[in-house]
K.L.:
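What follows is a single structure, and I will ask about it in a moment.
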Amino acid sequence: MSGPTYALVVDGEQREVRGADQSASLSHVLRERLGVAAVKNGCDQGRCGSCAVLLDGLLVTSCTVLAADVEGSVVVTAAGLAPDGPGSVAQALVDAGAVQCGYCTPGMVVAIHDLLTRNPSPTDAQARLALSGNLCRCTGYGRILAAVRALAT
Amino acid sequence: MRATSLTEAVAALHERPGAVLLAGGTEVVPAGGADHLVSLRRVPGLRGVLSADGDEVVLGALTTYADLALGVGGVEVLTAMAPTVGSPASRNAGTLGGALGTGSGAGDAVTALLALDALVEVARRHGTVRVPVQAWLDRSGRLPGDVVRAVAVPRLPGHYLKAGERQAVFYATASVALVVDGARQQLRCALGSVADLPVRATVAEALPLRWRDGRPVATPQVCLAFGAAAAAGLAPAAGLRVTGAHRRHVVGVLAARALARAGA
């Protein structure tokens, strides 16, 4: 059932969602309706973390959020998190050799950003816990954790 | 439909039989299929400690696992349970009310609430009633159109042990929630992932124990006996890669360990 138009702020930009199904998840709306490629859909169940975004500052899996329910919210994806330059989580992952297929990477960027915002000097154990909702099938996580260590203060 | 009050949410459920409540969405959104959703996201005053009167804490239905993991409410078994559920992202979204709505035998929150003998505060058209969590879970105390407002729990010491195939984002192979009522010299022990609903280990709870300074005297022999009593008589269903016998074994180990941690 097609719903009314509503707005979301996505990566700093006001975006309008028109004619989306009322039952659509935020990940579906972001990716399929708004063309935001920095949200991947690995499981659609909230278990793999590849769709992770910050929703009004809170780390969530966008596939478990009803898009129409968060009308007006501020959504930040990996694309909105300083993708280039010093201090960039994405750059640190690239530099550490932590990107193979890249499918987990956007979700990892958001989760790592969330971790370092709350805890700028995480232990390895704390980093593992923080990333426990982000699955990577390629790297074995070693390089990803190395990237976190490189970013930690 | 986005409710702005509990009254609105209750009315909406009555207007549309088959409508489903939406809180954090971790169960409802992936499942899809609901014709009509009633969102509680904008209902104020349902998150965190709603009241703390003596030894009773009332936690709002929209209290998240992340809140509980931070110690909101100060109820030990809930603080111990919360970090074992899902992932950081799902803990930001999942709620106590949602856990009660799902009411799964593998549910960590409902297992802990059962050990606490929690009272579920339910909003109905004519007012709010308190339903014992057992009656809520087995549906004997639950009516169509009910909306969970909060849970009332005792602030007692407790432990939550959960074993599974992974460290995160996993359903328990088995779990044990143990609550210690030192004043009454009683243990309350609930088991998760052993049946369609969490169960109380009543035989284990009835074991005669010595107590010292409000804690059970937990010698190794007593702990083993407690574990054996908790596991006895269980016939858990097999899972994907776990036999019922293994689940029963894990219950025995976790219950013994929980008592050891609770002990004097």
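A note on names: the letters A, B, ... follow the listed sequences, proteins ahead of strands, and every chain is numbered from 1.
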K.L.:
Decide yes or no for Leu66(A) and Arg41(B): does some side-chain heavy atom of the first lie under 4.5 Å from some side-chain heavy atom of the second?
P.N.:
no
K.L.:
So what's closer than 4.5 Å to chain B heavy atoms on Asp44(A): side chain, backbone, both or neither?
P.N.:
backbone
K.L.:
Are there residues of residues 87-94 of chain B whose heavy atoms fall under 4.5 Å of chain A's heavy atoms? If so, which?
P.N.:
Ser87(B), Pro88(B), Ala89(B), Asn92(B)
K.L.:
Using only non-hydrogen atoms and a strict under-4.5 angstrom cutoff, which residues of residues 9-27 of chain B touch chain A?
P.N.:
Leu22(B), Gly24(B), Gly25(B), Thr26(B)
K.L.:
Might you confirm whether atom CZ of Arg142(B) has over 12 heavy atoms from other residues, nucleotides or ligands at distances under 6.0 Å?
P.N.:
yes
K.L.:
Are any non-hydrogen side-chain atoms of Asp69(A) and Met1(B) less than 4.5 angstrom apart?
P.N.:
no
K.L.:
Contact part of Leu55(A) toward chain B, heavy-atom cut-off under 4.5 Å: side chain, backbone, both or neither?
P.N.:
side chain
K.L.:
Measure Ala130(A) against the heavy atoms of chain B and call it side chain, backbone, both or neither at under 4.5 Å.
P.N.:
backbone
K.L.:
Is any side-chain heavy atom of Val65(A) closer than 4.5 Å to one of Val29(B)?
P.N.:
no
K.L.:
Taking atom CG of Asp124(A) as the centre, does the number of heavy atoms from other residues, nucleotides or ligands within less than 6.0 Å exceed 12?
P.N.:
yes
K.L.:
In a table with atom names and distances, give each donor-acceptor pair under 3.5 Å that connects a side chain of residues 71-79 of chain B to protein atoms at least two apart or in another chain.
P.N.:
residue  : atom : partner   : partner atom : Å
Glu76(B) : OE1  : Gly158(B) : N            : 3.1
Thr79(B) : OG1  : Val75(B)  : O            : 3.1

K.L.:
State whether the number of non-hydrogen atoms from other residues, nucleotides or ligands found under 6.0 Å of Arg125(B) atom CZ is greater than 12.
P.N.:
no
K.L.:
Taking distance alone, no hydrogens or angles, what donor-acceptor pairs closer than 3.5 Å link side-chain atoms of residues 162-171 of chain B to residues at least two apart or in another chain?
P.N.:
residue   : atom : partner   : partner atom : Å
Lys162(B) : NZ   : Thr84(B)  : O            : 2.8
Lys162(B) : NZ   : Asp108(B) : OD2          : 2.9
Lys162(B) : NZ   : Phe170(B) : O            : 3.0
Glu165(B) : OE1  : Arg241(B) : NE           : 3.3
Glu165(B) : OE1  : Arg241(B) : NH2          : 3.0
Arg166(B) : NH1  : Ala168(B) : O            : 3.1

K.L.:
What part of Ala111(A) gets closer than 4.5 Å to chain B, counting heavy atoms only: side chain, backbone, both or neither?
P.N.:
neither
